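Take a look at the structure set out below.
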Amino acid sequence: MATTPGKIDVLDASSFCLDAGASDTYACNLSPAITAYVTGTRYRFKANTANTGAATINLNAVGAKSIKKVAGGITTDPADTDIRAG
């Protein structure tokens, strides 16, 4: 499966990072670093805490973005513990 140049995809094992944020405010640094979020790109991180409802992620200090899930074709905030520690 080919990937678009400059686009990090979920299948790229090097495109995840370890969270250093607090519960519901996740933060980590991808390597190679991103300088902007790209619509359609999937980003992965390993959470150090479980979420307790709505949550955000801030990758490489680009800015916090709301984390959403798709359930039945509807985009919603994650429910408690949808994001698990580890």
Side-chain angles (χ1 to χ4, degrees):
M1 177 177 184
T3 59
T4 304
K7 181 177 176 184
I8 298 172
D9 195 274
V10 71
L11 297 176
D12 184 352
S14 65
S15 66
F16 85 97
C17 53
L18 302 175
D19 165 46
S23 181
D24 301 333
T25 55
Y26 301 100
C28 63
N29 294 310
L30 292 169
S31 180
I34 62 168
T35 57
Y37 297 112
V38 178
T39 301
T41 301
R42 296 177 184 180
Y43 302 97
R44 301 185 321 164
F45 69 99
K46 185 174 182 180
N48 68 3
T49 59
N51 74 305
T52 58
T56 61
I57 182 73
N58 189 352
L59 300 173
N60 296 95
V62 172
K65 289 290 200 177
S66 296
I67 297 173
K68 300 292 183 183
K69 67 178 183 178
V70 178
I74 299 170
T75 303
T76 62
D77 290 329
D80 292 357
T81 68
D82 273 350
I83 301 170
R84 299 180 185 156

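Every value quoted in this text rests on a predicted model; they were computed, and no experiment measured them.
Of all non-hydrogen atoms in G86 and K46, the two that sit nearest each other are O-CE, 3.4 Å. Scanning both residues, I34 and Y43, for their nearest heavy atoms gives CD1-CE2, 4.1 Å.
Between the side chain of D80 and the backbone N or O of G53, at least one donor-acceptor pair lies under 3.5 Å.
Counting only residues at least two apart or in different chains, disulfide (SG to SG under 2.5 Å) contacts with residues 43-86 are absent. Residue pairs meeting the disulfide (SG to SG under 2.5 Å) criterion with at least one member in residues 31-86, sequence neighbours excluded, do not occur. Sequence neighbours left out, not one pair with a member in residues 42-86 passes disulfide (SG to SG under 2.5 Å). Sorted by first and then second residue, the disulfide (SG to SG under 2.5 Å) pairs with a member in residues 39-86 form an empty list; sequence neighbours excluded. Sequence neighbours left out, not one pair with a member in residues 64-86 passes ring-ring contact (aromatic ring centres under 6.0 Å, His included).
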Got a list of side-chain donor-acceptor pairs under 3.5 Å for residues 19-28, not counting sequence neighbours?
| unit_1 | atom_1 | unit_2 | atom_2 | d |
| --- | --- | --- | --- | --- |
| D19 | OD1 | G21 | N | 2.7 |
| D19 | OD1 | A27 | N | 3.0 |
| D19 | OD2 | N48 | N | 3.1 |
| S23 | OG | A50 | O | 3.0 |
| D24 | OD1 | T52 | N | 2.7 |
| D24 | OD2 | T52 | OG1 | 2.4 |
| T25 | OG1 | A22 | O | 3.4 |
| Y26 | OH | T49 | O | 3.0 |
| Y26 | OH | N51 | N | 3.0 |

For a quick test of your reading: what N or O donor-acceptor pairs under 3.5 Å do the side chains of residues 62-78 make, sequence neighbours left out?
| unit_1 | atom_1 | unit_2 | atom_2 | d |
| --- | --- | --- | --- | --- |
| K68 | NZ | D77 | OD1 | 2.4 |
| K69 | NZ | D82 | OD2 | 2.7 |

**OP:** For the pair F45 and I57, evaluate side chain to side chain contact (heavy atoms under 4.5 Å, CB included) and give the outcome as yes or no after the intermediate values.
**Re:** CA-CA 9 Å; F45 69 99; I57 182 73; 3.8 Å; yes
**OP:** Verify side chain to side chain contact (heavy atoms under 4.5 Å, CB included) between C17 and L30, making sure each step is shown before the conclusion.
**Re:** CA-CA 5 Å; C17 53; L30 292 169; 3.8 Å; yes
